[in-house]
Amino acid sequence: MTTQQKPDYDAIVIGAGFAGLAAIHYLREAGLSVRVLDKASDIGGTWTWNRYPGAMTDSESYYYCLTFSKELLQEWSWTLRYPDWKETHSYFHFVADKCDMWPNIQLNTEIVSADYQEDSGHWKLTARDGETFSCKYFISGMGMISEPVIPKIKGADTFKGPLFHSARWPEGLEYEGKRIGIIGAGATTVQMLPITSKTAKSVTVFQRTPNYVLPAMQKPMTPEWEKEIKENYDEIVDKCRNHIFGMAFDTAEGRKAVETSPEERERIFEEKWTGSFRWVFETFEDLLSDPEANRMASEFIIEKMKARVDDPELADLLTPSFDDYPLFAKRPPLDHGYLEAYNRDNVHLVDIKDREPIVEITETGVRTTENDYEFDIIVLATGFKAYTGALEAFPIRGVSGQTLSEKWREQSSSIMGVCVADFPNMFIVTGPQAPFANLPTSIEQNVIWISDCIRKMEREGYDLMKPREDAEQEWTRQTAEIHAQTLMAEGDKVNSWMMGANREDKPPRVLIYFGGANVYYDAMDESAKQGYPELEFDKLAS
Ligand code: NAP
């Protein structure tokens, strides 16, 4: 360490998910003392909180993982194309055990404030029980979809049974034979419904906006498939690094839906209908950029969706239309029998947008403008305050004592989603204005940039890293400019979390860099190569 006053740790990371584990690896390698704190009682981040029935990854297992060790990649075996939360959780334990990370991890520790200390350039973190920690480098690994949205629904505190957000599903909750009400119809509900409806007495979904639902097409990991993956891991890791969404997908370079004959287009759409988000990226390159191509893709998906629902009226309610919003203006869910679940007698859909909005939650259930629905359990599958939620949930105070939340009242600006002006020596893993991508890929790229920057500081004897205001303005400008050119910008019409349009407390904003994750990773590499021109490095006056 370069400063005279020694902090408790060189680096503290909040969050023991992918970011926390990656940070332990890369920062230890850089010779730093690292402490990872998490309020949860186990490691795993999102996979510790999201334990609702049916929770599983939407990225395919073999590239939804950390890649810093060839040994880890070779020794771990996934059993499924999309592992459930239990298997993903076991993977976290495998990594922590294998890499001897437990001594760096402190669980059950909820940080309630983080304050920059002007005199030392250190950060002081305070936990709920009063314990304090100091560090030179403060890193948020709190996740970009972790802070729940709890809607203000009248009477929510009067319900007599369990009522909880989907990311707080009570451990061991017995729902067999019970009547469940689910408010929300996003990716979480799409996973939860097929499982819960098998044994619950009834499941009623309150839907405001229907989604473009893509089939996951789950399958087991066969020994042959695993062998092929493990023989080609370098190529798979490389593919993720160079893909616009950080996924190990092939591209459809040079093939445009609008320039393809209807018969050939249909053939390609059908041929590639093999599950996962691949379909969006491997069919045609213009689906997310050209409205006409997007319309073609949307219509294909809608037809596929409708074919799986027996009741045509219900099928209409469950499907969006391109005229409402284009594909990917909301993040499409992947499903494992979601639509078929509506063919069961015990599953009901309530259209709360046009037909019967929710009026209140009562002691016994949900009252809409038309009906009273009785439930034993109510689940709020109402989403998350994406990108900024966790960073605003407690005060993080920078140089002037201003909190991140105050700074981000109108616009959530940053430098590449990793640094924020006026918050020296602080880094964020996948913060606002980073891309939305396969998260382990983005997380690892961010942590490499952060740890290399810290290495430079330690090597060259710097005490302070100060993100430059002009660099922040430039990144924010670029991100907004790209955002405005994409179809995702239409997400504000349909409450998309991708632009914070699902929040009642803040206006929608540009939260995601949509220039391509690969372009963003290139920009990060270039920044490191140029010696981090977006940052000023300084020494404390002795
Ligand atoms: P979401 O996609 O934001 O969906 C929230 C749902 O709640 C929407 O249907 C929304 O309706 C509804 N809602 C919100 N506030 C409401 C209110 N006041 N009254 C009635 N309905 C309300 O949230 P999510 O399903 O939890 O998924 C969020 C993201 O988490 C996903 O897009 C995905 O990125 C991630 N996720 C990932 C996985 C995975 O990879 N395995 C699984 C689950 C989630 P509107 O649409 O009308 O706003």
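Side chains are part of it too, since the values below use all heavy atoms of this structure and drop only hydrogens, waters and symmetry mates. Whatever order the structure lists them in is the order used to number ligands and atoms, beginning at 1.
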Checklist entry - Are any non-hydrogen side-chain atoms of F245 and T441 less than 4.5 angstrom apart? => result no
Checklist outcome for this item: among protein heavy atoms, the one nearest atom 19 (N) of ligand 1 is R208 NH1, 3.7 Å
Checklist entry - Is the side chain of D84 donor-acceptor paired with the backbone N or O of E87 at a distance under 3.5 Å, no angle test? => result yes
Checklist entry - How far is atom 18 (N) of ligand 1 from its nearest protein heavy atom, and which residue and atom name does that atom have? => result P151 CB, 3.2 Å
Item to check | Separation between NZ of K330 and CD of E490, rounded to the nearest 0.5 Å | outcome: 13.0 Å
Next on the checklist: Less than 4.5 Å apart, side chain to side chain, heavy atoms only: is that true for W47 and Y91?
Outcome noted: no
Checklist outcome for this item: Nearest non-hydrogen protein atom to atom 2 (O) of ligand 1, with distance, is G186 CA, 3.7 Å
Item to check | Between N446 and Y520: side-chain donor-acceptor atoms closer than 3.5 Å | outcome: yes
Checklist entry - What part of Y325, side chain, backbone, both or neither, has a heavy atom within less than 4.0 angstrom of ligand 1? => result neither
Checklist entry - Under 4.0 angstrom from ligand 1, any heavy atom of Y64? => result no
Item to check | Proximal candidate to atom 44 (C) of ligand 1 [heavy atom criterion; set T188, N495, I150, T46] | outcome: T188
Checklist entry - Are W49 and S146 close enough that some pair of their side-chain heavy atoms sits under 4.5 Å apart? => result no
Next on the checklist: Taking 4.0 angstrom as the limit and counting only heavy atoms of I352, give me the atoms of ligand 1 inside it, by number and element.
Outcome noted: 20 (C)
Checklist entry - Given that the side chain starts at C-beta and the backbone is N, CA, C, O, which of these parts of F384 lies under 4.0 Å from ligand 1, counting heavy atoms, or is it both or neither? => result side chain
Checklist outcome for this item: When distances are taken from atom 1 (P) of ligand 1, the protein heavy atom at minimum range is G383 CA, 4.1 Å
Item to check | Sub-4.0 Å atoms of ligand 1 with respect to non-hydrogen atoms of A185 | outcome: 6 (C), 8 (C), 9 (O)
Checklist entry - Could an N or O of ligand 1 be found under 3.5 Å from any N or O of I358, whether backbone or side chain? => result no
Item to check | Within-shell test, A381 vs ligand 1, heavy atom, strictly < 4.0 Å | outcome: yes
Next on the checklist: Suppose we measure from atom 47 (O) of ligand 1 to each protein heavy atom; which comes out shortest, and what is that distance?
Outcome noted: T209 OG1, 2.5 Å
Checklist entry - Looking only at atom types and distance, does a side-chain atom of N343 sit under 3.5 Å from a main-chain N or O of R308, one as donor and one as acceptor? => result yes
Checklist entry - What residue and heavy atom of the protein are closest to atom 37 (C) of ligand 1, and at what distance? => result R331 NH2, 3.6 Å
Item to check | Atom indices of ligand 1 within 4.0 angstrom of G184 heavy atoms, with elements | outcome: 6 (C), 7 (O), 9 (O), 12 (C)
Checklist entry - Which bit of D58 is near ligand 1, meaning a heavy atom under 4.0 Å away: side chain, backbone, both or neither? => result both
Next on the checklist: Please identify which of these residues, K201, R179, R367, meets the salt bridge (charged side-chain N to carboxylate O under 4.0 Å, His left out) condition with E374.
Outcome noted: R179
Checklist outcome for this item: In ligand 1, the atoms that come under 4.0 Å of a heavy atom of Y52 are 42 (C), 43 (C)
Item to check | For I145, the ligand 1 atoms whose distance to one of its heavy atoms is below 4.0 Å | outcome: 30 (O), 34 (O), 35 (C)
Checklist entry - Between the main-chain N or O of W408 and the side-chain N or O of K506, is there a donor-acceptor pair closer than 3.5 Å? => result yes
Checklist entry - So, N438 side chain and Y63 main chain: donor-acceptor pair closer than 3.5 Å or not? => result yes
Checklist entry - Which is it for Q191 and ligand 1 at heavy atoms under 4.0 Å: side chain, backbone, both or neither? => result side chain
Checklist entry - Which ligand 1 atoms are under 4.0 Å away from a heavy-atom of M56? => result 39 (C), 41 (N)
Checklist entry - So which protein heavy atom does atom 29 (C) of ligand 1 come closest to, and at what separation? => result W497 NE1, 3.5 Å
Next on the checklist: Residue-level breakdown please: for K330 versus ligand 1, do any non-hydrogen atoms fall below 4.0 Å on the side chain, on the backbone, on both, or on neither?
Outcome noted: side chain
Next on the checklist: Ignoring hydrogens and geometry beyond distance, is a side-chain donor-acceptor pair present between Q191 and Y82 at under 3.5 Å?
Outcome noted: no
Next on the checklist: Between E226 and K230, does any side-chain N to carboxylate O distance fall below 4.0 Å?
Outcome noted: yes
Checklist entry - Do we see a donor-acceptor contact under 3.5 Å between the side chains of E444 and T67? => result yes
Next on the checklist: Do T430 and Y387 pair up side chain to side chain, a donor and an acceptor below 3.5 Å, judged on atom types alone?
Outcome noted: no
Item to check | Subset of ligand 1 atoms that lie under 4.0 Å from at least one heavy atom of I183 | outcome: 20 (C), 21 (N)
